[in-house]
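Reviewing the structure listed below.
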Number of protein chains: 2
Amino acid sequence: MTLTQEQLRQLSVPERLGRVARQWQAIADKELAPLGLTYPRWSAMWKLARIGDGVSQKQLAEALELELGSLMRTLAQLEEQELVTRKASPDDGRAKQVFLTNSGHALVRKMEAKILKVRRALLANIEDEELETVKKVLAMISYNANHMSEAQQADRNNEDEV
Amino acid sequence: MTLTQEQLRQLSVPERLGRVARQWQAIADKELAPLGLTYPRWSAMWKLARIGDGVSQKQLAEALELELGSLMRTLAQLEEQELVTRKASPDDGRAKQVFLTNSGHALVRKMEAKILKVRRALLANIEDEELETVKKVLAMISYNANHMSEAQQADRNNEDEV
DNA sequence: TCTCTTTAGTTAGCACGCTAAGTATAATAA
DNA sequence: TTATTATACTTAGCGTGCTAACTAAAGAGA
């Protein structure tokens with residue numbers, strides 16, 4: 001049996017979203033591997049640099065839209081690489097603040113060019129206006145998903161009550 | 001430190017793509033869990049039903065844009081659940097053909113309504129035209145990524161030669 | 001034909017995001 | 001103040017996609 005090009009390229013929206021995300025992250029991985037980084041690690045560092053040193057792990061997880069449990073491993077690895085440090089918060093005995101180390105800051109500066117290079121290459125031949133539409137639609141799907149999650153949660157609670 | 005809503009919602013394009021893909025698949029997971037399925041499993045069955053029984057594992061992997069190695073585990077699980085079977089190809093001693101079982105076919109019919117329900121809910125308030133733009137842009141990024149992967153590969157070969 | 005290369009499948013191990021369960025601290029209510 | 005609840009963190013285990021290394025069969029070339 002032979003599949004047509006048509007059949008090979010027809011992914012559903014969620015399949016295509018996942019696929020493109022994996023492709024992008026794989027390419028970024030290869031660009032950043034010489035710096036000793038993987039996608040989730042530089043992503044966390046990049047975000048940390050942008051929102052500012054000293055936020056809690058929880059705040060960083062929210063900014064990355066990740067579960068705290070998912071971020072923990074990544075931060076432990078970055079700490080192992082001496083790119084970030086975690087210190088107990090003086091204000092809240094439960095919280096730990098995350099800081100970039102000096103080498104962490106230095107690495108962020110090196111990352112920037114490579115991140116932008118990948119971005120430029122992958123967004124080639126796409127109009128600004130089209131990209132804006134994509135961002136808007138993705139935000140809308142996220143919004144719908146958050147509401148649907150709550151509805152699913154409510155469904156499950158109702159089942160319990162009945 | 002307090003983060004503004006603005007800061008919390010600013011993900012880069014690849015971060016947002018991954019996030020939306022995870023959200024969509026998580027919601028689909030919850031809808032389909034009662035049928036005993038996870039997202040990659042129903043996705044494989046759904047694709048198999050669409051491109052037709054009897055394709056090789058390799059062909060199914062290409063249609064799903066997954067590596068063969070990634071698909072193997074999923075197919076083993078589906079075979080364990082007696083939803084698909086794999087038979088040696090009569091034409092090619094290396095290949096195995098994948099078939100839906102009777103219960104597999106039955107399950108595909110049950111899946112359809114749930115998949116469409118999730119799709120409708122998540123694409124609510126999005127214009128057809130906007131969705132078309134998204135599909136087009138994602139296809140363009142995939143295309144750019146494929147070309148960039150080749151370029152990265154060439155880079156690496158050059159390094160070897162030098 | 002015989003050899004070399006390519007291809008389909010297989011297995012093993014890594015990285016990542018998730019949820020669940022548990023601990024310690026903070027905030028709130030009685 | 002004391003008891004309850006909520007929050008921040010931590011750890012462990014699951015499911016997934018990937019690459020790497022390997023086997024066996026098919027195809028191509030000398």
Side-chain angles (χ1 to χ4, degrees), chain A residues 1 14-15 17-30 32-33 36-44 55-62 64-81 86-98 149 153 156, chain B residues 14-15 17-30 32-33 36-44 55-62 64-81 86-98 149 152-153 156:
Chain A
M1 173 178 297
E15 285 165 346
L17 285 170
R19 170 69 173 149
V20 174
R22 289 198 308 276
Q23 286 180 289
W24 192 312
Q25 294 175 16
I27 286 176
D29 257 359
K30 280 172 192 149
L32 292 155
L37 292 176
T38 59
Y39 179 87
R41 294 181 207 178
W42 70 250
S43 182
V55 293
S56 69
Q57 300 183 83
K58 173 73 173 171
Q59 287 174 312
L60 184 56
E62 282 177 358
L64 288 163
E65 295 192 30
L66 285 181
E67 293 303 316
L68 183 53
S70 306
L71 182 61
M72 293 295 303
R73 190 202 290 118
T74 300
L75 287 179
Q77 291 160 337
L78 289 173
E79 203 164 34
E80 176 71 23
Q81 293 179 276
R86 293 181 281 189
K87 302 176 192 167
S89 164
D91 306 328
D92 186 334
R94 299 165 299 178
K96 285 192 180 173
Q97 295 176 291
V98 189
S149 294
Q153 193 60 47
R156 224 160 300 118
Chain B
E15 286 165 346
L17 286 169
R19 169 71 173 149
V20 174
R22 290 198 306 276
Q23 286 180 290
W24 193 312
Q25 295 176 15
I27 286 176
D29 257 359
K30 279 172 191 148
L32 292 155
L37 291 177
T38 59
Y39 180 87
R41 294 182 206 178
W42 71 252
S43 182
V55 293
S56 69
Q57 301 183 82
K58 172 73 174 172
Q59 286 175 312
L60 184 56
E62 280 177 359
L64 288 162
E65 297 192 29
L66 284 181
E67 293 302 316
L68 183 52
S70 305
L71 182 60
M72 293 294 304
R73 189 202 293 119
T74 300
L75 288 179
Q77 291 160 338
L78 288 173
E79 202 165 34
E80 177 70 23
Q81 292 179 277
R86 291 180 282 189
K87 301 176 192 167
S89 164
D91 305 327
D92 186 334
R94 297 166 300 178
K96 284 192 181 173
Q97 295 176 292
V98 189
S149 295
Q152 284 186 333
Q153 193 61 46
R156 222 158 303 118

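Convention: sequence-line order gives letters A, B, ...; per-chain numbering from 1.
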Atom-to-atom span, CG of A/L66 to C1' of D/dA8 - whole angstrom: 16 Å
Main-chain N/O of A/G36 paired to A/Q81 side chain as donor or acceptor, under 3.5 Å: yes
Nucleotide nearest A/A95 (side chain, heavy atoms from C-beta), chosen from D/dA25, D/dA8, C/dG9: D/dA8
Any A/Q57 side-chain N or O less than 4.0 Å from OP1/OP2 of D/dT10: yes
Side chain of A/E67 (C-beta onward), nearest among C/dT10, D/dA8, C/dC18: C/dC18
Nearest-angstrom distance from the residue atom OH of B/Y39 to P of C/dC18: 16 Å
Nearest-Å distance for atom pair CG/P, residues B/L64 and D/dG17: 9 Å
A/L37 and A/L78: CA distance, side-chain angles, deciding distance, side chain to side chain contact (heavy atoms under 4.5 Å, CB included) verdict: CA-CA 9 Å; A/L37 292 176; A/L78 289 173; 4.3 Å; yes
Side chain to side chain contact (heavy atoms under 4.5 Å, CB included) assessment of B/Y39 paired with A/E15: CA-CA 10 Å; B/Y39 180 87; A/E15 285 165 346; 3.2 Å; yes
Pair B/V55-B/E62, side chain to side chain contact (heavy atoms under 4.5 Å, CB included): steps then yes or no: CA-CA 11 Å; B/V55 293; B/E62 280 177 359; over 6 Å; no
Given DNA chain C, 5'-ward residue of the pair B/D92 and A/D92, judged by closest heavy atom: B/D92
Value in whole Å for how far the P atom of D/dT16 lies from CG of B/L37: 10 Å
Spacing of A/L68 atom CG relative to C/dT23 atom P, expressed in whole Å: 17 Å
Under-4.0 Å side-chain N/O to phosphate OP1/OP2 contact, B/S56 with C/dA8: no
C/dT10 phosphate, OP1 or OP2, under 4.0 Å from B/R86 side-chain N/O: yes
Distance test, side-chain N/O of B/S70 to OP1/OP2 of D/dT16, below 4.0 Å: no
Set of residues satisfying ring pair (Phe, Tyr, Trp, His ring centres under 6.0 Å) with respect to B/W24, sequence neighbours excluded: none
Protein-nucleotide distance (A/D91, atom CG; D/dT7, atom P), rounded to Å: 18 Å
Length of the CG-C1' vector between B/L75 and D/dT16, whole Å: 14 Å
Whether B/Q57 side chain and B/L71 backbone form a donor-acceptor pair below 3.5 Å: no
Stepwise side chain to side chain contact (heavy atoms under 4.5 Å, CB included) check, B/L66 with A/R22: CA-CA 10 Å; B/L66 284 181; A/R22 289 198 308 276; 3.5 Å; yes
Under 3.5 Å between N/O atoms: give me all the protein pairs with nucleotides 12-15 of chain C, atom names plus distance.
none

Closest to the B/R94 side chain, choosing from C/dT7, C/dT25, D/dC9: C/dT7
Whole-Å distance separating the NZ atom of A/K58 from the C1' atom of C/dA24: 16 Å
